[in-house]
Trainee: 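To start, I am sharing the structure in question, which I have written as structure tokens.
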Amino acid sequence: MSQTEPKRHFVSDIIEEDIRNNKNQGRVQTRFPPEPNGYLHIGHAKSICLNFGLAAQYRGLCNLRFDDTNPETEEAAYVESIKEDVRWLGFDWEDREFYASDYFEKLYEFAVDLIKKGKAYVCDLSADEVSEQRGTLTQPGRESPFRMRSVEENLDLFQRMRAGEFPDGSRTLRARIDMFNPNLLMRDPVLYRIRRAHHYRTADEWLIYPTYDWAHGQSDSIEGITHSICTLEFEVHRPLYDWLLDQLGIHHPRQIEFARLSVSHTVLSKRKLLELVKEGRVSGWDDPRMPTISGLRRRGYTPAAIRTFCDLIGVAKVNSIVDMALLEDCIREDLNKRVSRVMGVLRPLRVVIINYPEDKTEELEAVNNPEDASMGTRNVPFSRVLYIEREDFMEDPPKKFFRLAPGREVRLRYAYFIKCVEVIKDPRSGEISELRCTYDPATRGGDSPDRRKVKATLHWVSAAQAVPAEVRLYDTLFTKRDAGEVEEGSDWKANLNPGSLEALTECRVEPSLIDVHPGSPWQFERLGYFCVDTKDSKSGHPVFNRTVTLHDPWANIRKAGRENE
RNA sequence: UGGGGUGUAGCCAAGCGGUAAGGCAACGGACUUUGGAUCCGUCAUCCGGAGGUUCGAAUCCUCCCGCCCCAGCCA
């Protein structure tokens, strides 16, 4: 859990004001109301942290309620994934697991009450007709010819809608509000539709289903929610929810709207994420590139890092795009303190230490975590033939390249100083195939007794003992900061990053990693944080997902083209 | 265009009439057996714009401009 004080923002201000005025006897109850039609993503995490966080902060309660009023898109499997993700994030709804579908009977009774009060009517218009008669932004709507039906007729028709006497889509129950209202949502909105669809929970019990606008506010009311926190797009619905609650004369939660989260270089829309999954653009909802909770988990993100992120981004009413860099900073900070360092070479370059005995192998002591001495040390084998990172050698280095080059001396982490004396190339391709180096036996462990300095320390593995591994490197899913910003006429997927996944299969990691636990986090020195893949990793052949890189000034220098300054 | 919101640094975001918090990013520097971590420093004379009220305005008033949401029997 984040150690910082709960952040203050306009929502907490409102709640505190209500407590001060003894509204709801000072009680605070919120809810997280997902629709089980997809997996949760980082945007939902913001809402979860907000709702559960506020409840905890004001000694209240937070319910988990599934808003399952649309049988056509919802599935039990999604319910399970949502529960798993909320739990994993560290929140507990105890016995308050609710479903709007459990309220269908009650909602039906409310509708009957509304009809009896003359505030709702059965309308025989088709969907197209309703749409056409609603008017436009600037023109008022027209009243339905069925608007003035008697209470008795409405009651009879509504009961028969439920009984299945009418075909799908032939009739609706509508609120009788005001077809001239400048707010389109107040122009006699549909409350019930006839839909012969199988619901994952109520099965075929119902033929009519409440719309979200009808179900949501009343569900909150039934649960005694005091503060109904939702995203900005529902602000224009608030007058409708208020109207409905007032007509019914039931408990009236206070709705507060905040800006939904957007993160740079990705999309946070269940519809779009579903499309990526269905089209095979990613391997699934839990693809490590996905901004879903399950994707982030598989990528190596921790609940604590996600919670910290949600705390840092704040809560406001302006739509904004938070930089992915903030999320990355949160996971780095969390992992830095508690993850073991190891060495792994992603793109191996063979190095032969020509003055090191052919048959010798020694064990060198390496620190597991310089941030935490209690994590101890381990031994890594060293021998005549090693692998270093291809990127750590340049034949003709620019001014700011500190690593290995011909004639130059560097340190191998926890091992020896080595100096490059010869570059061997493949005669055919011209590619560097091997480096010949000498080592200084006096620098064992990496110290130089004569205090001479080297400008770089490289990670390495001993060729004979190294474990082959696969490492998956990820880049952002989209190339543009605002992933949704596409040219007129082109698909929203136009900005998909074709290079978002790079699988390296020739990697070599130190022998201590031969049998790592799926899901376990590691820092590969100088490279980043990696997480053992939970699906594809096997004992003897580990698969690592790069969670995030380490801060890399050299990469910045290259990106800015300043390597010779 | 009618209605509802909202504009503070490259990105988030405090601020609620008394003279612009904090984080991320970036850039310097110290330290360093990770170009990591850590530390120290720089980064808005100015708050979408123009007027006005006031001793005093990002905060109040007026007008203007930009952006977001609403015309599903989706949520």
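Computed from heavy atoms alone, side chains included, the values below leave out hydrogens, waters and symmetry copies. Below, chain A is the first sequence line, B the second, and so on; all start at residue 1. Since the structure is predicted, the reported quantities are computational estimates derived from the model, not experimental observations.
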Trainee: Indicate, with a heavy-atom threshold strictly under 4.0 Å, whether A:A316 touches base, sugar-phosphate, or nothing.
Mentor: sugar-phosphate

Trainee: Counting any heavy atom closer than 4.0 Å, what does A:L335 reach on the DNA or RNA strands: base, sugar-phosphate only, or nothing?
Mentor: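 No contact at all - A:L335 keeps every heavy atom at 4.0 Å or more from the nucleic acid.
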
Trainee: Reading 5' to 3' and counting Watson-Crick or G-U wobble pairs with both distances under 3.5 Å, write the dot-bracket notation for RNA chain B, | for bases paired outside the strand.
Mentor: .(((((((.[[[..)..(...]]].(((((.......))))).....[[[[[..)....]]]]])))))).....

Trainee: Pick base, sugar-phosphate or nothing for A:R403, based on heavy-atom distances below 4.0 Å to the nucleic acid.
Mentor: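 Here A:R403 touches the bases of the nucleic acid.
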
Trainee: Look at all strands and tell whether A:V342 reaches a base, only sugar-phosphate, or nothing, counting heavy atoms closer than 4.0 Å.
Mentor: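 Counting heavy atoms under 4.0 Å across all strands, no contact is made by A:V342.
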
Trainee: Using the C1' atom on both, measure B:A14 against B:G3 and round to a whole Å.
Mentor: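 It works out to 31 Å between them.
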
Trainee: Under the criterion ring-ring contact (aromatic ring centres under 6.0 Å, His included), which of A:W206, A:F158, A:F166 is the partner of A:Y192?
Mentor: A:F158

Trainee: Could you check whether A:I321 gets within reach of a base, just the sugar-phosphate, or nothing at all, counting any heavy atom under 4.0 Å?
Mentor: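 Sugar-phosphate contact only - A:I321 comes under 4.0 Å of backbone atoms but never of a base.
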
Trainee: Looking only at side chains, do A:S264 and A:R481 share a donor and an acceptor under 3.5 Å apart?
Mentor: no

Trainee: Decide, yes or no, whether a salt bridge links A:K419 with A:E409 under the criterion of side-chain N to carboxylate O below 4.0 Å.
Mentor: no

Trainee: Taking the C1' atom in each of B:A71 and B:A13, what is the distance between them to the nearest angstrom?
Mentor: 35 Å

Trainee: For atom C1', what is the distance between B:C68 and B:C63, given to the nearest Å?
Mentor: 22 Å

Trainee: Pick base, sugar-phosphate or nothing for A:R271, based on heavy-atom distances below 4.0 Å to the nucleic acid.
Mentor: nothing

Trainee: Think A:T73 has a side-chain N or O under 4.0 angstrom from the OP1 or OP2 of B:C74?
Mentor: no

Trainee: A:W492 and A:R271: which non-hydrogen atoms are nearest, and at how many Å?
Mentor: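 So the minimum-distance heavy-atom pair works out to NE1-NH2, 3.7 Å.
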
Trainee: For A:N368 and A:R341, test the side chains for any donor-to-acceptor distance below 3.5 angstrom and give the result as yes or no.
Mentor: no

Trainee: With respect to the phosphate group of B:A13, does any side-chain polar atom (N or O) of A:R8 fall under 4.0 Å of OP1 or OP2?
Mentor: no

Trainee: Could you note down all residue pairs passing side-chain hydrogen bond (donor to acceptor under 3.5 Å, both in side chains) where residues 230-241 of chain A supplies at least one of them, sequence neighbours left out?
Mentor: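 Listed by first then second residue: A:D213-A:H237, A:D213-A:Y241, A:T231-A:E233, A:E233-A:R260, A:E235-A:K317, A:H237-A:Y241, A:R238-A:E257.
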
Trainee: Can you find a donor-acceptor pair, distance only, under 3.5 Å between A:Q523 side chain and B:U34 base?
Mentor: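 Indeed, a donor on one side and an acceptor on the other fall under 3.5 Å apart.
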
Trainee: Do A:R526 side-chain and B:G35 base share a donor-acceptor contact under 3.5 Å?
Mentor: no

Trainee: Quick check on the 6.0 Å ring-centre criterion: do A:F544 and A:F524 meet it?
Mentor: yes

Trainee: What interatomic distance, in whole Å, is found between P of B:C43 and the corresponding atom of B:A20?
Mentor: 14 Å

Trainee: Atom pairs, N/O to N/O, protein against nucleotides 26-28 of chain B, distance under 3.5 Å?
Mentor:
unit_1 : atom_1 : unit_2 : atom_2 : d
B:A26  : OP1    : A:N556 : ND2    : 2.9
B:C27  : OP1    : A:R562 : NH2    : 2.9

Trainee: Counting only side-chain heavy atoms from C-beta out, which of B:A13, B:A14, B:G2 sits nearest to A:V318?
Mentor: B:A13

Trainee: Just to confirm, is there a sub-4.0 Å distance from OP1 or OP2 of B:A75 to any side-chain nitrogen or oxygen of A:T211?
Mentor: no

Trainee: Give me the distance, rounded to whole Å, that separates B:C16 from B:C60 when you measure between the P atoms they each carry.
Mentor: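 Taking atom P in both B:C16 and B:C60, they lie 11 Å apart.
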
Trainee: A:R196 and A:L207: which non-hydrogen atoms are nearest, and at how many Å?
Mentor: CG-CD2, 3.6 Å

Trainee: Does B:G72 adopt a syn or an anti glycosidic conformation, taking syn as a chi angle within 90° of 0?
Mentor: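 Base orientation: syn.
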
Trainee: Quantified in whole Å, what is the C1' atom distance between nucleotide B:A30 and nucleotide B:A37?
Mentor: 14 Å

Trainee: Name the closest nucleotide to the A:R341 side chain, picking from B:C12, B:G35, B:G36.
Mentor: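 The closest nucleotide is B:G36.
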
Trainee: Under 3.5 Å between N/O atoms: give me all the protein pairs with nucleotides 68-71 of chain B, atom names plus distance.
Mentor:
unit_1 : atom_1 : unit_2 : atom_2 : d
B:C68  : O2'    : A:N319 : ND2    : 2.9

Trainee: Can you tell which of A:T73, A:N37, A:T292 makes a side chain to side chain donor-acceptor pair (under 3.5 Å) with A:K270?
Mentor: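 Among A:T73, A:N37, A:T292, the one that satisfies the side chain to side chain donor-acceptor pair (under 3.5 Å) with A:K270 is A:N37.
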
Trainee: If a pair satisfies ring pair (Phe, Tyr, Trp, His ring centres under 6.0 Å) and one of its residues is in residues 316-346 of chain A, list it, with sequence neighbours excluded.
Mentor: none

Trainee: Rounding to the closest angstrom, what is the interatomic distance between B:U59 and B:A9 at atom P?
Mentor: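 It comes out at 15 Å once rounded to the nearest Å.
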
Trainee: With a 4.0 Å cut-off on heavy atoms, is A:S448 in touch with a base, just the backbone sugar-phosphate, or nothing at all?
Mentor: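 It contacts nothing in the nucleic acid.
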
Trainee: Which part of the nucleic acid does A:Y529 contact within heavy-atom distance under 4.0 Å: base, sugar-phosphate only, or nothing?
Mentor: nothing

Trainee: Under 4.0 angstrom, heavy atoms only, what part of the nucleic acid is A:E235 near: base, sugar-phosphate, or nothing?
Mentor: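 Sugar-phosphate, no base atom in range.
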
Trainee: For A:P239, answer base if it contacts any base atom (sugar-phosphate contacts may also be present), sugar-phosphate if it contacts only those atoms, and nothing otherwise; contact means non-hydrogen atoms under 4.0 Å.
Mentor: nothing

Trainee: Whether the A:Y200 and A:D68 side chains hold a donor-acceptor pair (N or O, under 3.5 Å, no angle test) is what I'd like checked.
Mentor: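 Yes, a side-chain donor-acceptor pair sits under 3.5 Å.
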
Trainee: Does A:R195 place a side-chain N or O at less than 4.0 Å from the phosphate oxygens OP1/OP2 of B:C73?
Mentor: no

Trainee: To the nearest Å, how far apart are A:R187 CZ and B:G2 P?
Mentor: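 Those two atoms, CZ and P, are 13 Å apart.
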
Trainee: Who pairs with A:Y212 by ring-ring contact (aromatic ring centres under 6.0 Å, His included), at least two apart in sequence or on another chain?
Mentor: A:H216, A:F234

Trainee: Where the side chain of A:R193 meets the backbone of A:P210, is there a donor-acceptor pair that is under 3.5 Å apart?
Mentor: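 The answer is yes, because a donor-acceptor pair under 3.5 Å joins these two groups.
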
